[in-house]
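Heads up: the structure comes next, in structure tokens.
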There are 2 protein chains.
Amino acid sequence: MKGFREYVKKFGNIKEDTFTELKTNYTQIHLSKKELFSSEGEYARKVGFLEKGIIRAFIRNSEGKEYTKQFFFAPSIIGAYSSLLTNQPNKIIQETLTNCTIWIADYSKIEALYARHHEMERVGRKIAEYYYLEKERNLVEMALFDADKRYSLLKERFPTIESQVQQYHIASYLGISPTQLSRIRKKMQIS
Amino acid sequence: MKGFREYVKKFGNIKEDTFTELKTNYTQIHLSKKELFSSEGEYARKVGFLEKGIIRAFIRNSEGKEYTKQFFFAPSIIGAYSSLLTNQPNKIIQETLTNCTIWIADYSKIEALYARHHEMERVGRKIAEYYYLEKERNLVEMALFDADKRYSLLKERFPTIESQVQQYHIASYLGISPTQLSRIRKKMQIS
DNA sequence: TGACCGTCTTTACATATGTAAAGGAAAAAG
DNA sequence: CTTTTTCCTTTACATATGTAAAGACGGTCA
């Protein structure tokens, strides 16, 4: 579980024993490019730690059109978080864009750890808060900035994204058509 | 603190003693219409429980244009949540749309309670998760539905909103101009 | 090498929606 | 009750951006 200890530390310190206990819940899996980590309609039960690879999260509208909502670059927590929290069928599909190394655990086991260790409950709170902040930032950026600016921000945040992710996924994430992204790219290239 | 006990219960049970301790941190204030609960640039220190009234949250872009991002109808928790969590200057302004009754507390005191009582930490986690879900729902709805549909959803969620909140705030929340909302309203009226 | 497939770009066109401004209705002020 | 202000609607117009289709380019595989 390369990088997991440091990743968890971002959300607060936990005792070595607690971390050891946490670790025992995880098993490694590998997914190749274009496989699904979470799919539509399922009741999510697993959380994952993305050790290596890139994943995109997207939703489909009633006509089947896809809207990419998020990119995960390792190291990152992944999983159909809202389905886990609400016990409702999952709407947000997570698909690998590269081969991935992932550690998975039953969310129920993690919840049990929350109950057993106050410090783990705290980590859970910090993670939820972190996720919240990310979503709020997205909403603010969507309202405040045009697609050009959001494109710049995305590249700042993930400098390698252009070489690793298709333009049409990026366009979808930005809320514009591939045509429009192409226009923006052309414009930026000139200036 | 009318309704506070029931409101907190939504996020999990806490012992009567803990709740009593929680309550002692709150004091009541009144704000009249068009006053600010949280303003731009400040470092947020307070959380609030909105007992009575309506508040809107909005951001301003560099030209001063406002974008309403959220409505709070009592009973609700209010406060510049992301500023509290990050200790960064607040960007999300909260303004009363009616006269309001609010109970406020130092967030640092609440955090101290989190540390002291595992069950309060859990409530904190549940609240963060709830907020996260709300934001994610917003993002999904923004991507999936057109303004017409989002307008219907908003009215479902807050049936009284049309009589209590100005059209231009609603338009802003929906991400469209007042002109466009007027067009939508006209269209819906006919059909 | 040549054919094919996936991806990005470009063009042409249609249209939804924003902006600006004016008129009218409703609410607030006096 | 009258005046003033605020808000909503409507019109006319400009334009940004989506859709559809074709072209270009590179990589892959036979």
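All heavy atoms count here, side chains included; hydrogens, waters and symmetry mates do not. Order of the sequence lines sets the chain letters (A, B, ...), proteins ahead of strands, with each chain counted from 1.
- At a threshold of 4.0 angstrom between heavy atoms, the contacts of Ile176(A) are confined to the sugar-phosphate backbone, with no base atom among them.
- When rounded to the nearest whole Å, the span between CG of Leu174(A) and C1' of dG18(D) equals 15 Å.
- For Arg183(A) and dT10(C), the shortest distance from a side-chain N or O to OP1 or OP2 is not below 4.0 Å.
- Geometrically, Arg56(A) does not engage Phe72(A) in a cation-pi contact defined by less than 6.0 Å to the ring centre and at most 45° from the axis.
- Nucleic acid contact class of Lys65(B) (heavy atoms, under 4.0 Å, all strands): sugar-phosphate only.
- Where Gln167(A) and Leu181(B) each meet DNA chain C at their nearest nucleotide, the meeting point lying more 5' is that of Gln167(A).
- Here the side chain of Ser177(A) is nearest to one of dT10(D), dC7(D), dT19(D), namely dT19(D).
- For the pair Thr179(A) and His169(B), both in contact range of DNA chain D, the more 5′-proximal nearest nucleotide belongs to His169(B).
- The interatomic distance linking Gln164(A) (CD) with dC8(C) (P) rounds to 14 Å, in whole Å.
- Between the CG atom of Asp146(A) and the C1' atom of dT17(D) there is a distance of 13 Å, given to the nearest Å.
- Closest approach of Glu119(B) and Lys15(B) over heavy atoms only: OE1-N, 3.1 Å.
- Ion pairing of Glu40(A) with Lys91(A) is absent here, as no side-chain N (NZ or NE/NH1/NH2) approaches a carboxylate O to less than 4.0 Å.
- Heavy atoms from other residues, nucleotides or ligands lying under 6.0 Å from NZ of Lys2(B) number 12 at most.
- Per the geometry, NZ belonging to Lys33(B) stands 12 Å off P belonging to dT6(D), to the nearest Å.
- Rounded to a whole Å, the CD atom of Gln180(B) is 9 Å from the C1' atom of dG18(C).
- Comparing dA12(C), dC7(D), dT11(D) by their nearest atom to the side chain of Tyr168(B) picks out dC7(D).
- Other residues, nucleotides and ligands place more than 12 heavy atoms under 6.0 Å from the NZ atom of Lys10(B).
- The distance from atom CG of Leu97(B) to atom C1' of dA27(C) is 17 Å, rounded to the nearest whole Å.
- Within the structure, a side-chain polar atom (N or O) of Arg185(B) is placed less than 4.0 Å from OP1 or OP2 of dT9(D).
- When the P atom of dC8(C) is taken as reference, atom CD1 of Ile170(A) falls 8 Å away, rounded to whole Å.
- Rounded to an integer number of Å, the gap from Glu162(A) CD to dT7(C) P is 16 Å.
- The side chain of Gln166(A) has dC8(C) as its nearest neighbour among dT19(C), dT9(C), dC8(C).
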